[in-house]
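Read the numbers this way: they start at 1 and go in the same order the structure lists the ligands and their atoms.
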Amino acid sequence: MKKQEIIERFISYITIDTESDPNSDTTPSSEKQWDLARKLHQELIDMGMSDVTIDENAYIMATLPSNVEHETPTIGFISHFDSTPDFTGKDVKPQIIEKYDGGDIPLKGSDLVLSPEYFDDLKQYKGQTIITTDGTTLLAADDKAGITEIMTAMKHMLDNPEIKHGAIKVGFTPDEEIGRGAHKFDVEKFGADWAYTMDGSQIGELEYENFNAAGAVVTFYGKIVHPGYAKGKMINSMYVAQEFIDSLPRMETPEHTEEYQGFFHLHNMKGAVEKSELQYIIRDHNKKHFEARKEVMQNLVNTLNEQYDREAVSIEIKDQYFNMREKVEPVMHIVDVAEQAMKDLGITPLIKPIRGGTDGSQLSYMGLPCPNIFAGGHNFHGPYEYVPVESMIKATEVIVRIAELVAEKK
Ligand SMILES: [Zn+2]
């Protein structure tokens with residue numbers, strides 16, 4: 001895999017601003033995502049992919065036809081071309097550090113320093129080529145690294161027909177960062193038996209478990225009376241809200257949990273005497289525990305209403321996404337083949353549960369089982385984002401190796 005080709009391709013993508021916009025209802029949520037979408041569409045055509053399409057919502061699909069006689073499963077590789085609205089992706093000016101010496105990397109457009117003292121993952125990339133930001137933007141390796149790897153892998157297989165593979169589908173989506181990447185993904189048109197999102201972080205990551213997720217809005221209704229004459233009459237909704245907060249387990253919060261531990265996360269509150277509101281997210285890998293968490297909240301609301309003998313509290317709970325494990329476990333060979341591909345390439349697979357969600361979790365429930373594979377970047381969504389080029393090369397090789405392994409199995 002040619003290193004220079006990967007670097008150039010990656011830079012040509014990250015220098016196009018594709019920040020998505022959570023306040024927009026359109027798809028893509030920002031007009032500028034079309035700039036990269038059109039470029040990718042044209043590149044897929046130019047490199048010789050088949051059935052290259054882009055729909056009215058900027059979803060891009062393409063096919064690399066099978067080059068073997070026998071029947072094989074059709075597999076897909078997916079990434080997203082938007083970047084997060086958490087930090088600007090306009091005018092990305094990447095720094096390329098060759099033969100990284102293991103020390104501090106000044107981000108030269110700012111006072112920031114990317115230091116292994118703080119970001120100790122950096123240490124494992126000593127001697128490699130690292131691409132960083134200049135400190136004024138994010139890098140958008142999330143997920144333009146994934147797009148670079150898929151593009152390069154397809155080009156590599158087209159240029160080297162002696163590599164045997166079945167039909168491979170490619171999908172590029174808008175708006176993943178605002179949770180909508182899978183929403184308008186046409187699974188039937190895509191036509192793959194299963195797929196992988198190339199959207200993980202460090203080299204070796206392979207993920208097929210994520211949170212079950214819901215959001216809850218709890219509203220508290222008080223009674224406002226002149227404070228000088230309020231005895232026995234006023235109900236301060238903020239105190240009721242406080243009771244609610246205190247009744248949930250204090251240690252089951254993001255800052256006290258890890259690995260398979262779920263949580264309630266209070267992420268917003270606003271209050272006045274008359275009315276207060278708490279916004280929570282609920283997360284748990286285990287479906288039963290997830291349901292139990294929602295019940296705990298509902299029961300708490302009922303209890304408070306009984307206690308105050310009026311409708312003092314109401315709650316609205318909405319499911320957001322579910323753990324893909326339920327959909328992947330019955331077809332575990334799709335994880336096994338990815339694991340095998342990594343081992344064949346000398347990469348140590350890091351299989352661990354995601355403490356979040358991916359487009360793949362939604363796609364898995366839409367009928368396309370879809371584990372997540374590393375794309376190589378670190379420190380997503382901010383100016384410290386970086387990616388080692390060697391990890392992008394390895395991810396590209398993983399794509400090719402999976403394609404080979406799937407075609408070998410008859
Ligand atoms: Zn991503």
Asker: Does Asp199 bring an N, O or S atom to within less than 2.8 Å of the Zn ion (ligand 1)?
Answerer: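 Coordinating: yes.
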Asker: What angle, in degrees and rounded to 10°, do you get at the Zn ion (ligand 1) when you join it to OD1 of Asp142 and to NE2 of His80?
Answerer: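 Nearest ten degrees: 100°.
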Asker: Side chains of Glu117 and Ser115: do they bring a donor and an acceptor to under 3.5 Å?
Answerer: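 The answer is no; no qualifying pair exists.
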Asker: Return yes if a side-chain donor-acceptor contact under 3.5 Å exists between His80 and Asp142, otherwise no.
Answerer: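 On atom types as modelled, these side chains qualify, holding a pair under 3.5 Å.
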Asker: Would Asn212 and Arg283 count as a side chain to side chain contact (heavy atoms under 4.5 Å, CB included) if you check the C-alpha gap in whole Å, the side-chain angles of each, and the deciding distance to 0.1 Å?
Answerer: CA-CA 6 Å; Asn212 295 292; Arg283 298 289 186 265; over 6 Å; no
Asker: Assess Glu177: does it contribute an N, O or S atom lying under 2.8 Å from the Zn ion (ligand 1)?
Answerer: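 Coordinating: no.
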Asker: Taking the six-membered ring for Trp, are His378 and Tyr125 closer than 6.0 Å centroid to centroid?
Answerer: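 Yes: the rings meet the under 6.0 Å criterion.
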